[in-house]
*Asks:* 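Dropping the structure in here first, questions after.
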Amino acid sequence: MTDTPQQLAAAYQPGDVEHRRYEHWLASGYFGADAKSDRAAFSIVIPPPNVTGSLHVGHALDHTIQDALIRRKRMQGFETLWLPGMDHAGIATQNVVERRLAAEGLSRHDLRREKFVERVWQWKAESGGAILGQMKRLGDSVDWSRERFTMDEGLSRAVLTMFKRLFEDGLIYRAERIINWCPRCLTALSDIEVEHSDDEGELVSIRYSDDIVVATTRAETMLGDTAVAVHPDDERYKHLVGTEVELPLTGRRIPVVADEHVDPAFGTGCVKVTPAHDPNDFEIGQRHGLPSITMMDERAVITVHGPFQGLDRYEARPAVVAALREMGLIVSEKRPYVHAVGHCSRCKTTVEPRLSLQWFVKTEPLARAAGDAVRDGRVRIEPESLAPRYFSWVDNMHDWCISRQLWWGHRIPVWYGPGGEVVCVGPDEQPPSGEGWQQDEDVLDTWFSSALWPFSTLGWPDETEDLAKFYPTSVLVTGYDILFFWVARMMMFGLYAMEGRQPFDVVALHGMVRDQYGKKMSKSFGNVVDPLDWIDRFGADATRFTLAKGANPGADVPVSEEWCQGSRNFCNKLWNATRFALMNGATVEGGLPTELSTVDRWILSRLQQTIAEVDEQFEAYEFAKVCDTLFHFAWDDVCDWYVELSKAAPSPRVLGHVLDQLLRLLHPVIPFVTDELWCALTRSDASVMVADWPAVDPSYVDDAAEASIERLQRVVTEVRRFRSDQGLKPGQRVAATVSGIDEHEALVRSLARLDEPGEGFAASATVTIAGGVVVALDTRGAIDVAAERARLTKDRAVAEKEITQARAKLGNEGFLSKAPADVVAKLRGRLATAEADIARIDDALARLSS
RNA sequence: GGGCGCGUAGCUCAGCGGAAGAGCAUUCGCCUUACAAGCGAAGGGUCGCAAGUUCGAACCUUGCCGCGCCCA
């Protein structure tokens, strides 16, 4: 399995490595969690993707973050569990299977319920299998032995148990209420399954009487009006309250009622009241004891009043308006009139508020507990700035409609008897048998089972070892868009079912993946990224690194193909650095030598700093910063400087150690390439994923070495700049004397490509650097005086500006008396340096003129 | 209408009280034997606008302008 140095290809080819590595991890059992272990637990349950979908780039982001957290904790010695699974996605999945049936010319009713559900299970196997394959391509280190599905036997037991408990506690009830109804899916929806958008409609004002004009965007619903309402304090209408008006077209007489809810400033201050087709009107109806007239069927087709009967709601609207216009009752019409309209989140059909008998969860006590758990700090939302969104949801939650008129899902465990009995049947209980008993036809909202996910997947309601070891889970990683869809519901159910113990300690929220211009990805816009496409072309590591590099807490994550190429390049950089190291005898054997050069002490010190920063950033869920820190340490410090310096002064054991540690640090984010390289470097046939996470060794922190190498870097950079300005080719060696850099002269010569002065050496230009370093170069006569003058003049301007600023501040009494001493001292130092620079530069300019 | 957030280099974003940063893009020069998926160097910003607090503001406060998102 281990590559020898000779076999390391000239460039990293992810395709050769990824599959082999993943199979090796699986075969070695590295992903498995042991509930009997003595180690401290760290657990994450995966936000279950819809079984009927496929993984998009947003999942790839979500999984990358979770995998990074899990892999680091595993290396830190925790007993880690990352539990995978999927949810059954009631409406979405049923829709997909119905579409497939339609292609065969069948409807679900042709198959009947039982056969239809069989077909859905077939589709589940097919679609779900594809998702598992995608997760493996991403490198997800999930415990496959614990994979769960919301419809599997154990989770179904959990659903029944929960339903029964809530039912018996009076937290589940059945009632006739206005609910969101999708006339296409033919099912109820919860509030959160409705998406609002500002759509163009019309605002029509209709005269109901001499005194009363109402404005409405839904003229057709006037057929179901049972009252007109005005504000009780509205002087214009006070005298009409208690009277009746004749409802046009129908001839019905309806009362005028006074209700606080009416906004007297909107329109005429009179509103029509249609209790069966509007949630606000329903409440007005309740308060005033008004009748409810349902005037549409479940497909939103008009069922009342002859001329309009049989018309769809959109046909009925113009028909009603035309009829009213003919009667001279239309006062005004405004088109387009933009207003908020609700749409089914699954099929985008305009939602119809509908009076209907449904099951509800009484959320008030559950939601308050869910809010309190965050308020009192038992659950932390990261980043904290998103907590207000959470509170605004849990503190204003409406009762949750949980019944769905679908066939795919957990059937409501309630049986109705011939005498009107209602019996809730728990798991292991026999439903009542005999003549006339019937089970409720509906199924439960998918989110009902998803809300149990953090504990149902661990075996609840049984008291399992998994539950004891891994609950509460350590962190939940998900997008902020799902904070109330799912997070709030898990909190409610978790706290309730687990005796007040929260489902997770931390909620780490990330944003949505967007394109490189910050635009939302959409099929119609053509900017959607398929993570598998990127994995094929750039590798899983590059894809993961690109996503993680953009993941600032709670913020959206822009990505682009170019950036993914950059990540691919980074992987290749690591590959080649390791290749170089192996070709030059780098090794981890024998540990670090006791005798260390300044350069060695510098890189080891930088390594300690990097470990400390990465640890801190990981703990704060700052994945973008983790990537940034490691990227710069790897590329700038290790590759650009340490490897280059080591060419002049090889130090194979230090180089081996630094790469070993670097690969460990990077492994959580880019697992494949780091494992391949680490195994090659350490001659291991195991894996870096079970190696120890690096720890800071304070004895290797060395400020003096860091300062020394920074000085060296400045000298080398200045000489390079001179060379570039003078048009000297990078490869061209130049004779020079170097003074004032003591122990580093050989290194400066190596990196700046300077030869020892030989016979007939004649310096034609001098580069001086603050701190007394002087490099005198023999450029073989021709020196570009203009370029050199320009360079020096620019440096002088920088120094002048510095002096001006520093003197202004240091001449300010307020600054001297109030600023901290160290700030003043630093500024004095800067001023002195700048003044010395000016002298040095002026000297050089003078010599240039002579 | 209510709430939250954001306006910093051409693009995407860090920085959030004491010298304006990164990646990509741009310009110039290089196949300097780990890497052209690379190396070296350079250019580029009145930190949305305006007041205020402070010795000192991209950073704190207020107002305005522009842009998102969530909830009604």
Side-chain angles (χ1 to χ4, degrees), chain A residues 5 8 10-13 191-192 195-196 263 265-266 280 340 383 385-389 391-393 396 480-481 483-484 511-512 514-518 520 538-539 542 546 549-550 552 554-560 562-563 565-584 586 622 624-625 627-628 631-632 635-636 639-640 643-644 647 716-733 750-753 791 794 798 801-802 805-806 808-820 822-824 826-827 829-831 833-834:
Chain A
L8 229 48
Y12 176 51
Q13 301 296 343
D191 292 349
I192 55 176
E195 290 170 359
H196 292 272
D263 176 7
F266 179 77
N280 295 325
S385 61
L386 286 172
R389 275 201 197 196
F391 292 130
S392 76
W393 180 254
N396 300 292
Y480 60 71
D481 59 323
L483 191 57
F484 25 83
M512 310 291 102
R514 292 169 177 269
D515 75 8
Q516 61 190 306
Y517 304 108
K520 213 173 214 168
F538 307 116
T546 304
K549 195 170 58 172
N552 290 115
D556 287 341
V557 180
V559 298
S560 81
E562 284 169 357
W563 302 347
Q565 265 175 37
S567 302
R568 186 263 320 257
N569 297 353
F570 177 57
C571 293
N572 189 50
K573 189 73 180 174
L574 294 170
W575 181 269
N576 273 292
T578 309
R579 195 160 77 105
F580 169 85
L582 289 170
M583 283 162 53
N584 288 277
E622 296 269 15
K625 286 181 183 158
C627 292
D628 191 61
F631 180 88
H632 283 109
W635 204 307
D636 299 348
C639 291
D640 286 350
V643 166
E644 292 305 322
K647 285 176 182 172
V716 170
T717 302
E718 278 304 308
V719 175
R720 284 173 174 169
R721 185 167 153 241
F722 169 82
R723 295 180 55 124
S724 185
D725 286 349
Q726 287 295 317
L728 295 165
K729 306 288 182 210
Q732 190 181 329
R733 300 199 69 90
S750 167
L751 292 189
R753 300 190 182 268
R791 189 172 75 86
K794 200 181 126 201
V798 171
K801 192 179 163 198
E802 178 79 13
Q805 286 177 346
K809 281 197 169 187
L810 289 168
N812 182 333
E813 265 312 308
F815 175 74
L816 291 176
S817 60
K818 294 189 179 173
D822 61 315
V823 173
V824 177
K826 220 163 90 184
L827 197 65
R830 268 164 48 200
L831 177 62
T833 305

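Numbers restart at 1 for each chain; the letters A, B, ... are given by sequence-line order, proteins then strands. The model shown is predicted, which means the values in this text are computed figures rather than measured ones.
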*Asks:* Using whole Å, report how far CZ of A/R514 lies from C1' of B/rC67.
*Replies:*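 So the CZ-C1' distance, A/R514 to B/rC67, works out to 12 Å.
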
*Asks:* Quick one: A/N552 CG to B/rC13 P, roughly how many Å, whole number?
*Replies:*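 Atom-to-atom, A/N552 to B/rC13, this comes out as 9 Å.
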
*Asks:* Can you tell me, in whole Å, how much space there is between the C1' of B/rC47 and that of B/rA20?
*Replies:*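 To the nearest whole Å, 8 Å.
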
*Asks:* May I ask you to say what A/Q805 touches in the nucleic acid, namely base, sugar-phosphate or nothing, with a heavy-atom cut-off under 4.0 Å?
*Replies:*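 Nothing: the residue A/Q805, judged by heavy atoms under 4.0 Å, touches no strand.
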
*Asks:* Given atom OH of A/Y517 and atom P of B/rG7, what is their separation to the nearest angstrom?
*Replies:*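 One finds 20 Å between P of B/rG7 and OH of A/Y517, rounded.
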
*Asks:* Any side-chain heavy atom of A/N572 within less than 4.5 Å of one from A/N576?
*Replies:*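 Side-chain contact under 4.5 Å: yes.
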
*Asks:* Would you mind reading off the distance between A/R389 atom CZ and B/rA72 atom P, rounded to a whole angstrom?
*Replies:*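 In whole Å, B/rA72 P and A/R389 CZ are 13 Å from each other.
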
*Asks:* Could you give me the stems involving RNA chain B, meaning stretches of three or more consecutive Watson-Crick or G-U wobble pairs whose two defining distances are both below 3.5 Å?
*Replies:*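 Runs of three or more consecutive pairs: B:1-7 with B:65-71, B:10-13 with B:21-24, B:26-30 with B:38-42, B:48-52 with B:60-64.
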
*Asks:* Distance between the C1' atoms of B/rG63 and B/rA72, in whole angstroms?
*Replies:*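 After rounding to an integer number of Å, I get 27 Å for this pair.
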
*Asks:* Taking only residues two or more places apart in sequence or in another chain, which ones pass side chain to side chain contact (heavy atoms under 4.5 Å, CB included) with A/D628?
*Replies:*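 Once residues adjacent in sequence are excluded, the partners of A/D628 under the side chain to side chain contact (heavy atoms under 4.5 Å, CB included) criterion are A/H632.
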
*Asks:* Take atom P in B/rG66 and the same atom in B/rU27, then report the distance between them in whole Å.
*Replies:*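 Going atom to atom, P in each nucleotide, I get 37 Å.
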
*Asks:* Can you tell if the side chain of A/L8 reaches within under 4.5 Å of the side chain of A/M583, non-hydrogen atoms only?
*Replies:*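 No, side chains not in contact.
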
*Asks:* Mapping A/E562 and A/W393 onto RNA chain B by nearest heavy atom, which one lands closer to the 5' end?
*Replies:*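 Comparing both residues, the 5'-ward one is A/E562.
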
*Asks:* Rounded to whole angstrom units, what separation is found between the CZ atom of A/F631 and the P atom of B/rG21?
*Replies:*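 It is 18 Å, rounded to the nearest whole Å.
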
*Asks:* Heavy-atom distance under 4.5 Å between the side chains of A/M512 and A/K520, does that happen here?
*Replies:*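 A side-chain contact is absent here, since even the closest heavy-atom pair is not under 4.5 Å.
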
*Asks:* Are OP1 or OP2 of B/rG15 and a side-chain N or O of A/K625 less than 4.0 angstrom apart?
*Replies:*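 It does, given that an N or O in the side chain of A/K625 lies less than 4.0 Å from OP1 or OP2 of B/rG15.
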
*Asks:* Taking A/R723 for the side chain and A/K729 for the main chain, is one N or O donor matched with an acceptor at less than 3.5 Å?
*Replies:*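 Confirmed, A/R723 side chain pairs with A/K729 backbone.
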
*Asks:* Could you give the CG-to-C1' distance, from A/D636 to B/rG21, as a whole number of Å?
*Replies:*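 Going from A/D636 (CG) to B/rG21 (C1'), I get 13 Å.
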
*Asks:* B/rG17 P sits how many Å from A/K809 NZ, rounded?
*Replies:*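 So the two atoms are 15 Å apart, to the nearest Å.
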
*Asks:* Just so I know, are the side chains of A/K809 and A/N812 near enough to count as touching, which here means a heavy-atom distance under 4.5 Å?
*Replies:*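 No - every pair of side-chain heavy atoms lies 4.5 Å or more apart.
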
*Asks:* May I have the distance from A/D628 (atom CG) to B/rC24 (atom P), rounded to whole angstrom?
*Replies:*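 Nearest whole value for this atom pair: 11 Å.
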
*Asks:* Here's one to test your reading of the geometry: is the NZ or CZ of A/K647 within 45 degrees of the ring axis of A/F580 and under 6.0 Å from its centre?
*Replies:*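 Yes, A/K647 lies over the aromatic ring of A/F580.
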
*Asks:* Using atom C1' in both nucleotides, what's the gap between B/rG10 and B/rU26 to the nearest angstrom?
*Replies:*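 B/rG10 and B/rU26 have their C1' atoms separated by 8 Å.
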
*Asks:* Which heavy-atom pair separates A/R753 from A/P730 by the least distance, and what is that distance?
*Replies:*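 For A/R753 and A/P730, the tightest heavy-atom pair comes out as CD-O, 3.0 Å.
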
*Asks:* Is the backbone of A/G829 close enough, under 3.5 Å, to the side chain of A/T833 for a donor and an acceptor to pair up by distance?
*Replies:*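 Yes, A/T833 side chain to A/G829 backbone: donor-acceptor pair under 3.5 Å.
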
*Asks:* Out of B/rG18, B/rG43, B/rG23, which has the shortest distance to the side chain of A/W563?
*Replies:*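 Per side-chain heavy atoms of A/W563, the pick is B/rG23.
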
*Asks:* Within the structure shown, what part of the strands sits under 4.0 Å from A/D481 by heavy-atom distance: base, sugar-phosphate, or nothing?
*Replies:*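 No contact at all - A/D481 keeps every heavy atom at 4.0 Å or more from the nucleic acid.
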
*Asks:* Specify the residue among A/Y480 and A/D515 whose closest nucleotide of RNA chain B lies further upstream toward the 5′ end.
*Replies:*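 Result of the comparison: A/D515.
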
*Asks:* Go along nucleotides 29-40 of chain B 5' to 3' and tag each nucleotide: B for a protein heavy atom under 4.0 Å from its base, S when only backbone or sugar atoms are that close, - otherwise.
*Replies:* BS-B-BB-BSSB

*Asks:* If we only count heavy atoms from C-beta on, is the A/T546 to A/F538 side-chain gap below 4.5 Å?
*Replies:*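 With C-beta onward as the side chain, the pair stays apart.
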
*Asks:* For A/Y12 and A/W575, take the angle between the two ring planes, folded into 0 to 90°, and tell me which bin it lands in: parallel under 30, tilted 30 to 60, perpendicular over 60.
*Replies:*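 A/Y12 vs A/W575 ring planes: tilted.
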
*Asks:* Taking B/rG38 as the reference, what is the distance to B/rG23 when you measure between their P atoms (whole Å, please)?
*Replies:*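 B/rG23 and B/rG38 have their P atoms separated by 13 Å.
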
*Asks:* Quantified in whole Å, what is the P atom distance between nucleotide B/rC55 and nucleotide B/rC13?
*Replies:*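 So the two P atoms sit 37 Å from each other.
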
*Asks:* Within the pair A/K549 and B/rA22, is there a side-chain N or O less than 4.0 Å away from OP1 or OP2?
*Replies:*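 Result: no.
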
*Asks:* For B/rU32 versus B/rG48, give the span between their C1' atoms, rounded off to a whole number of Å.
*Replies:*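 Per the computed distance, 46 Å lies between those C1' atoms.
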
*Asks:* Rounded to whole angstrom, note down the P distance from B/rG52 over to B/rG15.
*Replies:*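 Their P atoms lie roughly 29 Å apart.
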
